[in-house]
Amino acid sequence: QVQLVESGGGLVQAVGSLRLSCEGSDTFSSYAMGWFRLAPGQEREFVAARNWSGGIIAYADSVKGRFTISRDIVKNTVYLYLQMNNLKPEDTAVYYCAADPTMTTIRRPRYWGQGTQVTVFS
């Protein structure tokens with residue numbers, strides 16, 4: 001079964017840090033992968049993505065310089081990370097891991113995780 005599982009969300013004070021993790025099978029080793037978020041009352045928003053090799057990485061303007069996307073492959077598992085620094089209350093959202101065969105279509109990904117809540121308080 002192809003699935004993505006996020007973890008690492010939580011409650012953090014503004015200017016603090018969190019690292020989100022997403023675990024998937026090695027099926028995703030050749031996929032573009034990324035992070036999206038959904039805040040209350042808003043549409044789901046692209047946050048960051050990378051292609052399979054890491055040679056192409058994209059960030060939303062709102063997170064550039066604060067968030068870093070990275071990936072590891074250990075044995076038969078792909079781990080996608082989102083290191084979030086200098087968090088702001090407006091970063092509060094449910095964060096979703098996603099994957100798609102190509103970077104050109106990662107903003108309409110085929111596979112989604114279930115989401116993990118990040119709450120930033122001031």
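- Both the sub-6.0 Å distance and the 45° axial angle are not jointly satisfied by Arg71 relative to the ring of Tyr81.
- Taking the side chain as every heavy atom from C-beta outward, Ile56 and Arg50 never approach each other to under 4.5 Å.
- Defined by atom type and a distance below 3.5 Å, a donor-acceptor pair is present between the side-chain atoms of Gln117 and Thr119.
- The heavy-atom pair separating Pro89 from Ala14 by the smallest distance is CD-CB, 4.1 Å.
- With sequence neighbours left out, the side chain to side chain donor-acceptor pair (under 3.5 Å) criterion links Ser53 to Asn51.
- Of the possible donor and acceptor atoms, none in the side chain of Arg110 sits under 3.5 Å from a partner among the backbone N and O of Ile106.
- A distance of 13.5 Å separates NZ of Lys88 from OG of Ser122, quoted to the nearest 0.5 Å.
- The hydrophobic clustering, which links ILVMFWY residues whose side-chain heavy atoms are closer than 4.5 Å, places Val47 and Leu87 together.
- Asp100 CG to Arg107 CZ: the interatomic distance, rounded to the nearest 0.5 Å, is 12.5 Å.
- Across Glu43 and Leu38, no two heavy atoms sit closer than the pair C-CD1, 3.6 Å.
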- request: Test Lys64 against Asp61 for salt bridge (Lys or Arg N to Asp or Glu O under 4.0 Å), laying out the working first.
  value: CA-CA 5 Å; Lys64 279 181 183 175; Asp61 288 343; 3.1 Å; yes
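- More than 12 heavy-atom neighbours from other residues, nucleotides or ligands sit within 6.0 angstrom of CH2 on Trp112.
- Residues Glu23 and Ser7 fail the side-chain proximity criterion, which asks for heavy atoms closer than 4.5 Å.
- Listed by chain and number, the residues in a side chain to side chain contact (heavy atoms under 4.5 Å, CB included) with Asp26 are Asn76 (sequence neighbours excluded).
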- request: Evaluate the salt bridge (Lys or Arg N to Asp or Glu O under 4.0 Å) criterion for residues Asp91 and Arg37: first the C-alpha distance (whole Å), next the side-chain angles of each, then the deciding distance (0.1 Å), finally the verdict.
  value: CA-CA 9 Å; Asp91 294 319; Arg37 65 187 182 186; 2.9 Å; yes
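- Distance check: Leu82 CG to Glu6 CD gives 11.0 Å after rounding to the nearest 0.5 Å.
- In the hydrophobic clustering of this structure, Trp52 does not group with Ile57; members are Ile, Leu, Val, Met, Phe, Trp, Tyr whose side-chain heavy atoms approach within less than 4.5 Å, directly or through other members.
- No side-chain heavy atom of Ser25 sits under 4.5 Å from any side-chain heavy atom of Gln3.
- Tyr96 and Gly113 make their closest contact through CD2-O, 3.6 Å (heavy atoms, listed as atom of the first residue, atom of the second, distance).
- Remark: Leu20 CG to Tyr95 OH distance equals 7.5 Å, nearest 0.5 Å.
- The side chain to side chain donor-acceptor pair (under 3.5 Å) search around Ser17 returns Asn85, not counting sequence neighbours.
- The closest side-chain heavy-atom distance from Tyr31 to Tyr111 is below 4.5 Å.
- Note that CD of Gln42 is 10.0 Å distant from CD of Glu90, once rounded to the nearest 0.5 Å.
- Residue Phe67 holds its CZ atom at 9.5 Å from CD of Gln83, rounded to the nearest 0.5 Å.
- Ring centers of Phe46 and Tyr59: at least 6.0 Å apart, outside the cut-off.
- The side-chain contact (heavy atoms from CB on, under 4.5 Å) with Met84 is formed by just one residue from the set Thr68, Leu18, Val120; it is Leu18.
- Under the side-chain contact (heavy atoms from CB on, under 4.5 Å) rule, Cys22 has a single partner from Val78, Leu80, Thr116, which is Leu80.
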